[in-house]
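What you see below is based on every heavy atom in this structure, not just the backbone, and it leaves out hydrogens, waters and symmetry mates.
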Amino acid sequence: MFDAVRNNKKIVQVFLVLIALPFAFFGLDSYVNGGGAGADVAKVGNIKISQQEFQQSLREQQERLRAQLGQVDPKMLDNPEFRKAILNDLVDQRLLVLEAGKRRLFAGNDAVVNAIASIEAFQQDGKFSQERYEAVLRAQGMSPAGFEAQVRQDLTLQQLAGTIARTGTLSTTVSERILALQTEQREVQEVLLATADYLSKVKLADGAARKFYDDNSKQFETPDQARVEYVVLAQNSVEVKVADSEIKAWYDGHKDRYQQPEERRASHILIASEKLGKDKARAKAEEVLAEVQKKPAAFGELARKYSDDPGSAAQGGDLGFFGRGMMVKPFEDAAFGMKEGETSGIVESDFGFHIIRLATVRAAKEKPLAEVRGEIESELKAAAAARKFAEAAEAFSNLVYEQSDSLQPAADQFKLKIEQSGWLGRQANPANGPLGNAKLIEALFSEESVKSKRNTEAVEIAPNTLVSARIVEYKPAALQPFESLQPTIEKMLASQEAQKLAKADGEARLAALKSGDDKLAWGGVKRVSRMDARQLPPAALQPVFRMNAGKLPAYTGVELPGSGYALYRLNKVGAGDKLDDVRRQGLIGQLRSLAAQEELEIYLSALRARYKVEINEKALTASER
């Protein structure tokens with residue numbers, strides 16, 4: 001299992017995508033609003049996934065993987081498979097949103113506060129800083145209320161997904177068998193038929209190098225290159241000011257937004273009706289209520305003993321603070337009809353029977369202007385900057401097109417600096433900053449741009465960032481002369497022929513070995529396991545561990561491209577070294593994670609069958625273009 005992943009680069013790439021995608025912060029609005037222009041890419045139940053949302057998510061994941069992996073081939077991050085993975089993740093998120101809503105799941109205020117406080121970006125000297133929190137959000141154009149809503153939604157989805165994943169079980173027998181296979185030790189010997197040993201037997205045909213050169217001339221071209229100049233128009237360079245009167249007017253016109261509603265903190269004991277059946281659950285709830293009434297001070301202890309709510313039982317039934325609309329209706333009605341310190345009777349809901357104790361009432365209040373001033377100013381500035389940038393972007397795009405023989409007019413009008421590049425090739429490279437965008441590079445090296453050295457269209461290289469560029473100097477592709485390449489080509493062809501001879505000889509010797517004719521001078525014994533096979537070349541791992549140990553010695557062979565052919569003899573198979581507890585538990589943890597992931601995937605497949613999922617393949621293809 002582990003070596004299969006290690007030796008399959010395709011699987012590793014998929015894992016990188018999957019690790020990067022799940023449960024990233026995403027806004028509430030995107031779940032319920034179409035947003036953006038253009039045809040929707042998909043629809044999940046009654047929730048749409050707009051073209052704008054898809055493109056934003058695509059860009060975010062591309063940037064995240066570039067940050068993780070460094071320089072990456074742009075084609076790896078913008079192909080049908082990658083786009084489908086992004087869309088499937090968005091669909092899975094929407095499915096979880098629908099199911100969480102149906103199950104009335106939510107994350108309490110305490111959970112949200114703890115999650116935000118643990119984010120390192122909001123900490124100063126190891127502690128949460130309100131000032132830094134607000135400053136970071138302002139820099140991202142977000143409000144605390146909006147961000148907290150995002151975190152609450154994210155935690156809610158993690159709660160649902162985590163609950164499902166925990167149902168994935170791995171039996172002791174299976175885990176022990178897998179660990180035994182991973183640690184199993186094999187004693188093998190090797191004979192390497194090296195390519196170099198067959199070179200003396202190779203005789204190239206006359207003119208072979210010249211023929212290869214003529215047939216593959218594209219391989220020997222130095223690629224075309226260009227030096228360019230460019231200008232960048234970005235929203236963050238747009239300066240806007242907001243007057244005090246505007247802030248005050250906004251506050252006065254949106255006071256309902258700054259009302260902090262009444263919140264209540266309560267604990268409860270849940271006797272689940274699904275577990276016992278309705279009648280038995282009610283009878284048990286009445287018994288527990290009688291105990292609570294006899295020992296009111298022992299409510300937390302009784303919650304830990306009896307409650308079927310896995311999220312709160314361990315905390316003595318504490319649910320933290322909650323407002324109206326966050327609990328199921330019967331529970332909410334009871335909790336908001338009680339006084340501090342009061343204990344309810346039996347309250348029935350879809351989940352079962354509750355006994356509620358109200359701990360604290362936090363009265364409703366209005367946030368003063370001084371407290372929300374920074375938030376309002378940031379929002380007004382972001383809105384004004386977006387409007388101003390939209391106007392500037394249109395004018396910028398028109399100007400670089402209409403006066404296409406120079407970037408100077410655009411630079412003068414928008415007070416931009418004309419930047420110069422070094423020599424660039426057709427391959428987009430993120431290390432080139434604004435010029436690392438594949439679409440911009442494609443426009444630069446288009447036939448019209450190369451021939452006329454005109455400005456490219458304004459290309460959006462990132463959200464709210466436009467670039468136009470033009471070639472100032474161009475070097476066309478050139479074919480290297482055959483004479484300078486002839487020795488290299490002849491050496492390469494000879495090596496290829498020697499490799500073929502080594503493979504043929506190796507396969508013949510392997511057939512002889514399997515028929516019982518073993519006269520080879522084998523090398524020293526190598527002890528290898530699936531967990532530690534460093535003594536074997538990667539290409540030999542699967543063949544060596546697939547050899548049948550039922551009849552020893554066993555033989556196998558494998559071609560090692562560029563090196564020759566290797567033959568292996570398996571002499572002995574035995575149990576490996578005993579794992580220490582730390583490593584053992586680590587491996588079992590990995591196995592359980594795989595089981596949990598599989599369980600979650602099965603659950604998501606079931607949700608796809610339950611809710612109608614429509615994929616607009618035409619819109620997805622159009623977005624790729």
Can you tell me if [X] uses its side chain to pair, donor with acceptor, with the backbone of [Y] under 3.5 Å?
{"X": "Thr156", "Y": "Ala107", "value": "yes"}
{"X": "Arg94", "Y": "Val44", "value": "no"}
{"X": "Thr456", "Y": "Ser468", "value": "no"}
{"X": "Gln480", "Y": "Phe220", "value": "yes"}
{"X": "Thr465", "Y": "Ile461", "value": "no"}
{"X": "Asn437", "Y": "Lys439", "value": "yes"}
{"X": "Asn616", "Y": "Asp40", "value": "yes"}
{"X": "Arg470", "Y": "Arg454", "value": "no"}

Is [Y] paired with [X] through a side-chain N to carboxylate O contact shorter than 4.0 Å?
{"X": "Asp92", "Y": "Arg608", "answer": "yes"}
{"X": "Lys43", "Y": "Glu614", "answer": "no"}
{"X": "Glu377", "Y": "Lys381", "answer": "yes"}
{"X": "Glu99", "Y": "Arg610", "answer": "yes"}
{"X": "Asp244", "Y": "Lys248", "answer": "no"}
{"X": "Glu375", "Y": "Arg373", "answer": "no"}
{"X": "Lys475", "Y": "Asp224", "answer": "no"}

Do [X] and [Y] get their side chains close enough for a donor-acceptor pair, meaning under 3.5 Å?
{"X": "Gln130", "Y": "Glu134", "value": "yes"}
{"X": "Asn109", "Y": "Arg265", "value": "no"}
{"X": "Asn398", "Y": "Glu394", "value": "no"}
{"X": "Gln158", "Y": "Asp154", "value": "yes"}
{"X": "Ser50", "Y": "Glu53", "value": "yes"}

Practice problem: Please step through side chain to side chain contact (heavy atoms under 4.5 Å, CB included) for the pair Val231 and Val467, ending with a clear verdict. | Solution: CA-CA 6 Å; Val231 289; Val467 174; over 6 Å; no

Quiz prompt | Heavy-atom side-chain proximity of Arg362 to Phe321 below 4.5 angstrom | solution = yes

Quiz item: Does the side chain of Glu617 come within less than 4.5 Å of Lys84's, by heavy atoms?
Solution: yes

For residues 416-425, run the donor-acceptor check on the side chains, cut-off 3.5 Å, and write out each pair with its distance to 0.1 Å, sequence neighbours left out.
unit_1	atom_1	unit_2	atom_2	d
Gln420	NE2	Glu229	OE1	3.4
Ser421	OG	Val228	N	3.0
Ser421	OG	Val228	O	3.3

Quiz prompt | Neighbour count above 12 (heavy atom, 6.0 Å) for Tyr611 OH | solution = yes

Quiz item: Does atom CD of Glu448 have more than 12 heavy-atom neighbours, drawn from other residues, nucleotides or ligands, at distances under 6.0 Å?
Solution: no

Self-check item: Residues Arg83, Phe54; criterion side chain to side chain contact (heavy atoms under 4.5 Å, CB included); working and verdict
Solution: CA-CA 9 Å; Arg83 287 170 169 268; Phe54 173 75; 3.5 Å; yes

Practice problem: Check whether NZ of the Lys or CZ of the Arg Arg324 lies under 6.0 Å from the centre of the six-membered ring of Phe336 and within 45 degrees of that ring's axis. | Solution: yes

Quiz prompt | CH2 on Trp250 to OG on Ser245, rounded to 0.5 Å | solution = 14.5 Å

Practice problem: List the steps and the verdict of side chain to side chain contact (heavy atoms under 4.5 Å, CB included) for Phe389 and Phe396. | Solution: CA-CA 10 Å; Phe389 177 77; Phe396 176 81; over 6 Å; no

Practice problem: In sequence, state the C-alpha distance, the side-chain angles, and the governing distance for Leu96 and Leu604, and then conclude on side chain to side chain contact (heavy atoms under 4.5 Å, CB included). | Solution: CA-CA 8 Å; Leu96 291 174; Leu604 288 168; 4.1 Å; yes

Please table the atom pairs, donor to acceptor, closer than 3.5 Å between any side-chain atom in residues 112-123 and protein atoms at least two apart or in another chain.
unit_1	atom_1	unit_2	atom_2	d
Asn114	ND2	Asp110	O	3.1
Ser118	OG	Asn114	O	3.4
Ser118	OG	Ala115	O	2.7
Gln123	NE2	Ala117	O	2.9

Self-check item: Nearest non-hydrogen partners of Val400 and Leu407, listed with the distance
Solution: CG1-CD2, 4.4 Å

